[in-house]
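For reference, the structure discussed in these notes is given below.
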There are 2 protein chains.
Amino acid sequence: MAPGGRPRAFEPEAALDAAVETFWRHGYDAAGVAELTGAMGISRPALYRAFGDKAQLFSAALERYIARNMEYVEAALAKPTAREVAESFLVGNAEAVTTPGRPPGCLSVQAMVTDEADAFSLLAKNRLAIQERLSARFRRAIRDGDLPYHEDAEELSRFMITLTTGFAIRAADGEPRQALIALARRALAVFPEPESAIPTQTPSHPNSKGMTHD
Amino acid sequence: MAPGGRPRAFEPEAALDAAVETFWRHGYDAAGVAELTGAMGISRPALYRAFGDKAQLFSAALERYIARNMEYVEAALAKPTAREVAESFLVGNAEAVTTPGRPPGCLSVQAMVTDEADAFSLLAKNRLAIQERLSARFRRAIRDGDLPYHEDAEELSRFMITLTTGFAIRAADGEPRQALIALARRALAVFPEPESAIPTQTPSHPNSKGMTHD
DNA sequence: TCAGTTACGTATCGATCGGTACGTAAATAG
DNA sequence: CTATTTACGTACCGATCGATACGTAACTGA
């Protein structure tokens, strides 16, 4: 009734990894099906049988990419202070987009320039999800007194995403890892210093504990 | 001996403007010759007669784009202090990549994702030229005592370019102008404070439009 | 053994890609 | 007028695009 049929002659996950690498290196449009099948080591119809079409293959590749190359986001969000979250996120991204043995840059950014609306919206959704998580984390930091109450959590998270987007492009452009890490560290200047002067432009702050003076 | 021949039936500069817009909106690869000729209002052979081939057309379009949409770079470099250079550069870029009536983002960044080595190297050369001019300006600022002697001019210029690259991508992603300008102002925190004044916060009611740049 | 099911790959589809051959139209020079 | 020069656009080139038709191979259950 339900015979198995002929078994697969390749590992779908290994093939998907090759697809990730190809999309990563060339973006969505520039990664042709011929190049994909070549990298994946399978025939063209095998690709369509296993993954549907190019768009679905990209969707699966993006999902795998996120799971395998963006753990640094989780690690960063788990840091105890907002500043450490930011540093971990920025440095982790700088490292992720310059990992030796992997294509420089970020699949999400490389593939962004495409006319395929479906693929584009996938990427936008992913970016927005990360930004929202960062923003929520910063809002919590504001509630906890970890960030000044007048701080703009959404703007901070936008800053993070914008900078890491720039990292991805610059990495693809050949910028070395150390240069990007240095930029990440420098960018932390946009955060209020943890124990030095906070610009006092708001007089009525009820909280007196831990107030700093210079 | 040297008759004029049949005159052109179109304005090459107007056609080039349309090519700029098309490349700007879609990037190099995704801008097909059919779409280009459609936007330029000329036939396919007319394009090749007037501009050589697609790569040369892009080169001409990039040159025109730079001349017409990157005056903010010159304006920024002419500012008296390093901090004003940075602010003018960042804000000018944020405005340039979100100019109403023009495609969001930056032609140089949109076209970056391409397998055409020639087009890519053109863009890299342009980026590098801007970064070098910024770096030279900051080195001068260090010599003049406008920046601390231990400051890293090259790293500062890298920071600027990386951030504006991120601006371009985010603008193409739909980020509104005011959000990018806010990020530009915030990014100035990486500069040493000029000891006296904290830069004025964004006014509560931003001036509607009619900014100078183009 | 044989029917049912699934994966295999060759060979091919129509559409689109960047780029041109070629006959014609419009200007100038004599 | 004719000759020369240059731009015009239809119609087409080979290559490549994403996607499939189809005959064959390999497995399971009866």
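Hydrogens, waters and symmetry mates are skipped; everything else that's a heavy atom, side chains included, is used. Lettering follows sequence order; numbering is per chain, from 1.
Checked against D/dG18, C/dG19, D/dT6, the side chain of A/Val33 finds its nearest nucleotide in D/dG18. Comparing D/dC8, D/dA19, C/dC8 by their closest approach to the side chain of A/Lys54 singles out D/dA19. The side chain of B/Pro45 approaches C/dA21 more closely than any other nucleotide in the set C/dA26, C/dG18, C/dA21. Checking D/dA19, C/dA25, D/dA26 against every side-chain atom of A/Arg6, the shortest atom distance belongs to D/dA26.
Place B/Gly5 and B/Ala30 on DNA chain C by their nearest nucleotides, and B/Ala30 ends up nearer the 5' end. Residue order along DNA chain C, read from the 5' end via each residue's closest nucleotide, puts A/Ala9 first among A/Ala9 and B/Gly52.
You'll find the side chain of B/Asp152 stays beyond 4.5 Å of the side chain of B/Phe138, heavy atoms only. Counting heavy atoms from C-beta outward, A/Leu163 and B/Leu183 have side chains that stay 4.5 Å or more apart.
Here the C1' atom of nucleotide D/dA19 and the CD atom of A/Gln56 are 13 Å apart, to the nearest Å. Between the CZ atom of B/Arg49 and the C1' atom of C/dT24 there is a distance of 12 Å, given to the nearest Å. Between A/His26 atom NE2 and D/dT16 atom P there is a gap of 15 Å when expressed in whole angstrom units. If you measure from atom CG of B/Leu47 to atom C1' of C/dG19, you get 10 Å, rounded to the nearest angstrom. Counting to the nearest Å, the P atom of D/dC22 and the OH atom of A/Tyr48 are 18 Å from each other. The distance from atom CD1 of A/Ile42 to atom P of D/dG18 is 14 Å, rounded to the nearest whole Å. Note: CG (A/Asp29) to C1' (C/dC17) measures 13 Å, nearest angstrom. Rounded to a whole Å, the CZ atom of A/Arg44 is 16 Å from the P atom of C/dC8.
Nucleic acid contact class of A/Pro7 (heavy atoms, under 4.0 Å, all strands): sugar-phosphate only. When heavy atoms are screened at a 4.0 angstrom cut-off, A/Ala31 is found touching the sugar-phosphate backbone but no base atom. As judged by a 4.0 angstrom heavy-atom cut-off over every strand, A/Arg8 is placed among residues touching the sugar-phosphate backbone only.
For A/Phe159 and A/Phe191, the ring centers are positioned 6.0 Å apart or more.
Heavy-atom contacts from other residues, nucleotides or ligands closer than 6.0 Å to CD of A/Glu132 number more than 12. The environment of A/Glu11 atom CD is sparse: at most 12 non-hydrogen atoms of other residues, nucleotides or ligands sit within 6.0 angstrom.
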